[in-house]
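Values reported hereafter were calculated over all heavy atoms of this structure, with side chains retained and with hydrogens, waters and symmetry mates removed. Each chain gets a letter, A, B and so on, in the order the sequences are listed, and its residues count up from 1.
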Amino acid sequence: MDMAQEPSNASRGARGEPMIEVERLTRYYGPVPAINDVSFTAHKGEIVGFLGPNGAGKTTTMRMLTGYLPPSSGTARIAGHDIVNDSMAARKLIGYLPESTPLYPEMTVSDYLHFMARLRGVKDRGAAVERVMSQVSIDHRADDLIGHLSKGFRQRVGIAQALVHDPKLIILDEPTIGLDPRQIREVRELIAELRGDHTVLLSTHILPEAQQLCDRILIIKRGQIVAEDTTEGLTARLGGGEQVRVGLGRSVPAAEMRAALDKVRGVTEVTGDGDSYTVTVQPATDARAAIAAAVVGNGWPLVELNLSRLTLEDVFLELTASDTAEEAMEAEMVTEEEAD
Amino acid sequence: MSNVITVARRELGVFFSSTLFWVIATAFMLFGGLLFTLYIQSPQAQATMMPLLSLYGTVLLFVTPLMAMRLLAEEQRSGTLELLMTSPVQDWQVVMGKWLGAFAALLSLMALTLSHVFVMSRLSEKGLDLGPMLSSYLGLALLCAALLALGVLTSSVTESQVVAGFLGVMLVLVLWFLSILNQIGSEAAWVKGVAYMGLSDHYMHFGDGLIDTRDVIYFLTLTFGCLFLATRILETRRWR
């Protein structure tokens, strides 16, 4: 048993063939790019999360991958099929649920799924419809009109139609939006069950959802991917890892504290003043014992020692906030330069 | 082709389960029946297809835009078009399927008018000639096809069924009455040309038992021209 083996490495080793290959995809609405020069790859069997604030370009990217919108430039391939030149072959491999879950309210669940199966060229439609209806637990409402269903059930029908032709790739745009907490959990469980058999690309602006469901996360902001990694990797890489809060029984000069703790292995930064300090340490080096020893060794009374891992939410907010600040500064600098 | 049939079958099912269709069917039979009864009781009544054709044509001017207005507008409004257009189906197959479904529904409605023909043939001593009857029904079918295609076109430009319906009625009325220009007696080429674009003359030609290729081509051109335009309009929505 090799304890040093990291789970992220294991999943990387198990990567299959590429399912989605996106190359420098760009889409303009008028003069404004909604998606600007985006490239990424998703592999077979992966659940990839598109994470970003509303209006970041998640839906636009998905619409281009599904063949609804043509890209302004750049391209993408679905299992090797170009989305522009070989659109029909690419579309056959995709099951898609748009954000608003558009359905025909005047049709029954079973009729609707039969219709979608027929459109996607499913041979044994009866069996396929039965299969997806039991998969999303909607078989007992098969003969009800979709218009009479609750939002949670309608979402299940939406997911069922995306699965009815057993597609290699499933694209879900905000699959849990507008649902109540119990329905959200059900939908998340459904998505988790798809892992392995299908590649799933889902978008969300809910961070715990991405953290819980996805093998890999792409953070997208203003039409560009600002970060891409495994959930653990992203937290570690961008957050600088772990922080230790150190509380003292009396005030200690910051310079002395810094001098003492800088000698401890793994410590990268010491901030704070008086009786409260925050020590940033490298990821996966639990330096609490060493820090405690250093503090006590100097004769300072140690009253609190607390390790906190950054959540993805911290990372996400940090990324978005600092970027916004930088962009604002850049914009100012540009105007100043132009004035000269 | 199977994609067209798939879309058409769904559309036909929606028509037969929608309130609007049965309201239209009821209104059609009520008005049609009323005008028919009034006509056969009048002293000038003749046992020919002409009056029937003109009667159905007039009612269809209002019925077809009502039937077609939902077809693409509603799909655009509700977002279901996105699922259709991301399925492995060509855009023209969607448009064609929608039109074909509505056409089948309207033809089933037109079949009810055979009751009028039956009554009329029993009332006259000589009965009705088979020739004019067949040509009339061909004309009727071609008119239904063209009017529905116009409705599909107006339904493609907007997300609002009401706007699509109004546009449809206006367009259909203008086209229908262009033929009136023939009666102002002008010999100018442009007047003749514009009048030739009118629906009603081409349609009424079918009443006397002659099938003129020019009339058939006129209706087929109008039908497929409108469906082609509707497809292009749907495509341009992607580029916006």
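Summarising the local packing, CZ of Arg131(A) is surrounded by more than 12 heavy atoms from other residues, nucleotides or ligands at distances under 6.0 Å. More than 12 heavy atoms of other residues, nucleotides or ligands sit less than 6.0 Å from atom CZ of Phe153(A). By the 6.0 Å contact criterion, CE on Met197(B) is open, its count of non-hydrogen atoms from other residues, nucleotides or ligands being 12 or less. Counting heavy atoms of neighbouring residues, nucleotides and ligands inside a 6.0 Å radius, atom CD of Glu130(A) does not exceed 12 of them. Phe31(B) CZ: 12 or fewer foreign heavy atoms inside a 6.0 Å radius. By the neighbour-count criterion of 12 heavy atoms within 6.0 Å, atom CZ of Phe16(B) is densely surrounded, having more than that number from other residues, nucleotides or ligands.
Using a 4.5 Å cut-off on side-chain heavy atoms (C-beta onward), Arg10(B) and Tyr112(A) make no contact.
Of all heavy-atom pairs spanning Pro102(A) and Leu83(B), the tightest one is O-CD1, 3.5 Å. Contact record, Leu84(B) with Phe115(A): CD2-CZ, 4.0 Å, taken as the closest heavy-atom pair. Between Val89(B) and Met88(A) the shortest heavy-atom distance is O-CE, 3.5 Å. Nearest approach of Asn3(B) to Leu119(A), heavy atoms of both residues: OD1-O, 4.0 Å. Residues Arg91(A) and Thr86(B) share a closest heavy-atom pair of CD-O, 3.4 Å.
When each of Met85(B), Arg9(B), Gln90(B), Glu82(B) is checked for heavy-atom pairs under 4.5 Å with chain A, Glu82(B) comes out on top.
Judged by distance alone, with hydrogens and angles left aside, the side-chain atoms of Arg120(A) form no donor-acceptor pair with the main-chain N or O of Ser87(B) at under 3.5 Å.
With a threshold of 4.5 angstrom between heavy atoms, Glu75(B) approaches chain A through side-chain atoms but not through N, CA, C or O. Only the backbone of Leu103(A) comes within less than 4.5 Å of a heavy atom of chain B; no side-chain atom from C-beta onward does. For Glu99(A), no part lies near chain B; criterion is any non-hydrogen pair under 4.5 Å.
For the atom pair NE2 of His114(A) and OG1 of Thr6(B), the computed distance is 13.0 Å after rounding to the nearest 0.5 Å.
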